[in-house]
Amino acid sequence: MMEKGNLKILQDLVFESDNTACFIERERCLCRLEKELASDTSPDKHARVLATLLSEVSTPVLDCDYFGGRVVEALPDEGMDAPNLLLMSKGHMNPDYENILKVGLFGVLKKMKQSAAHIGTPEALQFAGNAEIVVEAVKKFTDRYAKEAARCGKAEMAKALSVVPCGPAYDFYSALQSIWIIHMIASCYVGSRDYAFHLFDQYMLPYYEQALREGKTEAELTELLAGFFMKTNEICGRGAHNYKKKPVRSQSSKQYINIGGEQPNAFSHVILNAAVMNKMAQPQITVRLKPDADPSFTDHVFAAMSVLNEKLHVFNYDLILAMLLKKGIPEQVAKRFCFSACCCFDLDYYTYRREFFVPGPQLLVQLLHEKEYADKESLLADLSAAMQKEMQAYADEQQNGVLSMRPMFVFDNLLLPAASELCEAPCDGNSPYSVLLMFCPGIATLGDSLMVLDRLVFTEKRYTFAEFVKILDANYEGYEALRAEILAMDRFGNDTENDGYATAVGNAFLDAVDRLSLKENFYAIPGFYSLERDNVWREEVAATPDGRLAGTPFSENQSPTYGADKSGITALLKSIAKLPFARTATGGLNLSFARDVAPETLRALILSYFQMGGLHASIGIVNKDTLRDAMVHPEKYKTLTVRMYGFSEYFISLPEWQQLAIINRTAY
């Protein structure tokens with residue numbers, strides 16, 4: 001076992017790295033091949049490109065490395081457009097690591113060739129042939145890595161890389177090495193973001209138990225796992241996904257470690273301990289929390305959350321499972337739900353993520369200018385119909401194979417069981433479980449707008465509908481007193497009867513999802529989630545009835561509009577729990593605190609919230625003075641992380657508008 005000081009060395013290397021550097025060997029190789037193969041339309045082109053790339057890149061090993069797998073970085077060459085897109089994948093998925101560890105990529109290839117022979121079409125046979133090119137290239141690559149590890153005196157690393165990932169993992173170390181080398185190739189060389197690690201504590205448990213039987217201590221294995229976690233920070237840089245982007249395809253990758261569920265185990269606890277030891281922005285510890293499954297695990301989750309803060313979040317396992325069963329998904333599949341970055345739902349490891357954000361605020365403004373309404377019910381009905389129309393157009397595109405990747409065999413297709421069975425890319429839409437994520441941003445803005453219209457126009461009749469629309473068109477100019485009155489109302493987030501308006505809008509959205517016309521193998525999974533749409537869409541949204549001015553942000557995720565929640569965190573959670581989460585399986589709630597929170601306080605708050613029907617919770621510590629100082633003196637805060645929409649982010653890497661959004665959150 002290596003010295004614990006190596007964790008600090010690896011951490012320092014991440015913060016000392018140049019966020020403007022690219023994976024230079026990849027870029028030079030692909031730049032050359034792009035020119036050489038410009039007229040090549042062969043169906044094995046991209047398999048051959050990846051094989052060539054893996055044969056040319058170097059295999060560096062550092063003394064402090066726990067695992068083999070590191071990419072050479074340098075500033076792009078003059079005139080180089082990095083990252084090169086000759087090779088790329090969609091990413092955003094949970095690979096089937098459980099099966100890969102058991103049979104290796106050779107086993108996956110064997111199954112694919114058998115399927116191709118059974119299917120018998122030229123396309124299926126070509127697909128399997130491309131897979132063989134890639135697997136053989138991976139084997140040659142890892143054999144070279146094994147030799148380099150041996151030369152550097154890394155005997156355990158060398159042994160593992162001579163076997164995995166093409167062969168089955170044989171112990172705890174080789175299992176982690178297998179996962180890492182696959183993760184690195186997919187993220188850095190093929191190139192994409194947000195590869196998650198599926199139900200990590202379940203499929204890694206046998207290897208952990210074997211290691212204990214062989215005499216390894218829990219402390220040794222925890223450190224080794226922390227070293228594995230540290231590696232996930234090497235592939236993505238420190239830029240945000242929408243700002244100061246590192247010129248690599250895996251820039252700002254958000255990597256989820258899914259744990260918990262009905263059977264948390266001894267290794268689940270080790271994962272929490274290793275995450276605390278790592279304490280970096282990646283990976284995100286994603287807990288499928290069933291509080292009564294193992295009370296000691298539940299206690300450990302909140303103890304870890306109090307240290308990790310925004311680097312750990314929890315989902316309500318029982319609520320999500322019940323929703324999936326109502327959708328008609330078989331129980332054995334439903335119980336293996338997981339997430340792959342940005343709070344995005346995955347149904348086992350069958351499919352690539354596909355997501356659509358419904359432009360709810362824009363649709364509301366549009367409806368208000370198309371027709372005069374006399375009551376909230378007719379407005380809600382039209383809003384639901386407009387949402388359905390937008391989502392149906394997206395669903396039709398996806399069901400007709402817009403994302404077809406069949407002509408290009410990419411590395412991802414070795415990682416999903418549907419590809420081995422079908423001999424085609426699962427994103428063609430033929431996977432047995434094709435998931436379409438439907439997100440409704442701005443739920444509080446929509447609900448509060450409905451509340452104001454219902455009170456001032458439909459019920460009290462202080463303004464006609466046309467008069468109120470003119471006030472909105474004027475952006476409240478000349479109506480400042482009215483806007484102040486609206487902003488003083490009990491809006492969503494204060495546990496009053498007015499919360500019912502957001503609930504009504506939520507149900508209107510979910511009714512629209514239920515009315516979608518979908519093929520038998522397609523599932524629309526809804527949630528209340530915005531990512532950054534609350535800000536990036538702000539300029540295209542005119543003034544709204546809730547007092548929001550044109551061009552300003554609307555509400556984020558499941559949260560109230562910033563500043564609207566004035567009655568404390570208990571009232572806040574009661575309000576949000578009124579949303580119809582029982583009909584959703586994804587989304588996000590970020591709770592902000594002004595100071596550190598004790599584990600028992602977090603436990604009481606979040607478990608009570610889940611008992612009321614809450615879906616998800618994460619926390620962030622928002623010291624506004626510290627954040628403001630970081631905006632002025634970023635060089636002092638390289639390691640400062642904050643909670644974004646469904647992940648951890650480096651504060652100084654955010655654009656100014658996003659930094660201000662974090663500061664403007666209500667902090668309890």
Side-chain angles (χ1 to χ4, degrees), residues 22-60 69-74 76-77 79-93 95 105-106 108-109 112-113 116 122-145 165-166 181-193 195 235 247-251 253 352 403-416 419-420 423-428:
C22 67
F23 299 146
I24 191 64
E25 294 177 334
R26 175 193 192 270
E27 298 308 310
R28 287 171 177 165
C29 177
L30 294 186
C31 185
R32 185 190 82 243
L33 292 176
E34 190 171 35
K35 295 175 182 176
E36 292 177 0
L37 304 176
S39 61
D40 190 335
T41 59
S42 304
D44 64 353
K45 172 181 175 178
H46 293 90
R48 289 187 288 109
V49 168
L50 179 56
T52 302
L53 175 62
L54 292 180
S55 72
E56 293 185 5
V57 295
S58 59
T59 54
R70 179 174 290 279
V71 185
V72 174
E73 298 189 11
D77 295 334
M80 178 180 283
D81 188 15
N84 189 289
L85 303 184
L86 178 60
L87 269 186
M88 63 176 184
S89 68
K90 194 172 186 300
H92 298 80
M93 56 180 278
L105 294 181
F106 283 147
V108 173
L109 176 61
M112 194 174 290
K113 292 171 75 172
E123 293 84 0
L125 294 169
Q126 182 66 62
F127 194 85
N130 289 348
E132 187 165 18
I133 293 172
V134 171
V135 172
E136 289 178 353
V138 171
K139 178 57 178 170
K140 291 176 182 177
F141 174 65
T142 54
D143 281 347
R144 286 198 295 118
Y145 235 123
C166 290
I181 206 74
I182 288 172
H183 191 82
M184 186 198 74
I185 292 172
S187 301
C188 302
Y189 288 138
V190 177
S192 195
R193 301 175 53 226
Y195 291 91
I235 67 172
V248 298
R249 283 279 301 158
S250 55
Q251 66 87 23
S253 184
Y352 294 85
L403 288 180
S404 175
M405 296 171 66
R406 186 177 299 143
M408 177 174 62
F409 186 90
V410 293
F411 187 66
D412 287 3
N413 291 311
L414 290 166
L415 312 182
L416 298 174
S420 297
C423 286
E424 64 180 55
C427 58
D428 283 348

Does the side chain to side chain contact (heavy atoms under 4.5 Å, CB included) test come out yes or no for I24 and D77, once each step is laid out?
CA-CA 8 Å; I24 191 64; D77 295 334; 3.9 Å; yes
Passing candidate, salt bridge (Lys or Arg N to Asp or Glu O under 4.0 Å) with E56, options R32, R28, R26
R32
Is any side-chain heavy atom of I235 less than 4.5 Å from a side-chain heavy atom of H183?
yes
Between V190 and M88, is the side chain to side chain contact (heavy atoms under 4.5 Å, CB included) condition met? List the steps.
CA-CA 5 Å; V190 177; M88 63 176 184; 5.9 Å; no
Can you measure from CG (L53) to CZ (F23) and round to the nearest 0.5 angstrom?
11.5 Å
Could you grab the distance from atom CG of L105 to atom CD of E136, nearest 0.5 Å is fine?
12.0 Å
Enter the distance from I181:CD1 to F141:CZ here, rounded to the nearest 0.5 Å.
5.0 Å
Could you tell me whether the side chain of L86 reaches within less than 4.5 Å of the side chain of V49, counting heavy atoms only?
yes
So, D44 and Q126: side-chain donor and acceptor under 3.5 Å apart, yes or no?
no
Kindly say whether Q251 contributes a backbone atom to a donor-acceptor pair with the side chain of R193 at under 3.5 angstrom?
yes
With rounding to the nearest 0.5 Å, note down the distance linking CG in D412 to CE in M93.
5.0 Å
On a heavy-atom basis, which atom in P165 and which in T142 lie closest, and how many Å separate them?
CD-CG2, 3.6 Å
Does any N or O in the side chain of S192 come within less than 3.5 Å of the main-chain N or O of S89, such that one atom is a donor and the other an acceptor?
yes
Is it the case that the side chain of R48 and the backbone of I133 share a donor-acceptor pair, with hydrogens and angles ignored and the cut-off at 3.5 Å?
no
Calculate, to the nearest 0.5 Å, the distance between atoms CG and CG belonging to L33 and L87 respectively.
8.5 Å
Any side-chain donor near an acceptor of the partner, S58 and Y145, under 3.5 Å:
no
Begin from the C-alpha positions of S250 and Y189 and carry the test side chain to side chain donor-acceptor pair (under 3.5 Å) through to its verdict.
CA-CA 9 Å; S250 55; Y189 288 138; over 6 Å; no
Given side chains that start at C-beta, do those of D143 and K140 come closer than 4.5 Å, heavy atoms only?
no
Side chains of M112 and C423: does their closest heavy-atom pair fall under 4.5 Å?
yes
Between V138 and F411, what is the shortest heavy-atom contact and its length?
CG2-CE1, 3.8 Å
To the nearest 0.5 angstrom, please state how far the CG atom of L415 sits from the OH atom of Y195.
7.0 Å
Are the side chains of V248 and C188 in contact, using a 4.5 Å heavy-atom criterion?
no
Nearest heavy atoms of L414 and A131, plus distance in Å:
CD2-CB, 4.1 Å
Answer yes or no: is there a side-chain heavy-atom contact under 4.5 Å between L50 and H46?
no
Is the side chain of K139 donor-acceptor paired with the backbone N or O of C166 at a distance under 3.5 Å, no angle test?
no
Could you tell me if the side chain of K113 sits less than 4.5 Å from the side chain of E132, heavy atoms only?
yes
Could you check whether any side-chain heavy atom of L37 comes within less than 4.5 Å of a side-chain heavy atom of K45, counting everything from C-beta outward?
yes
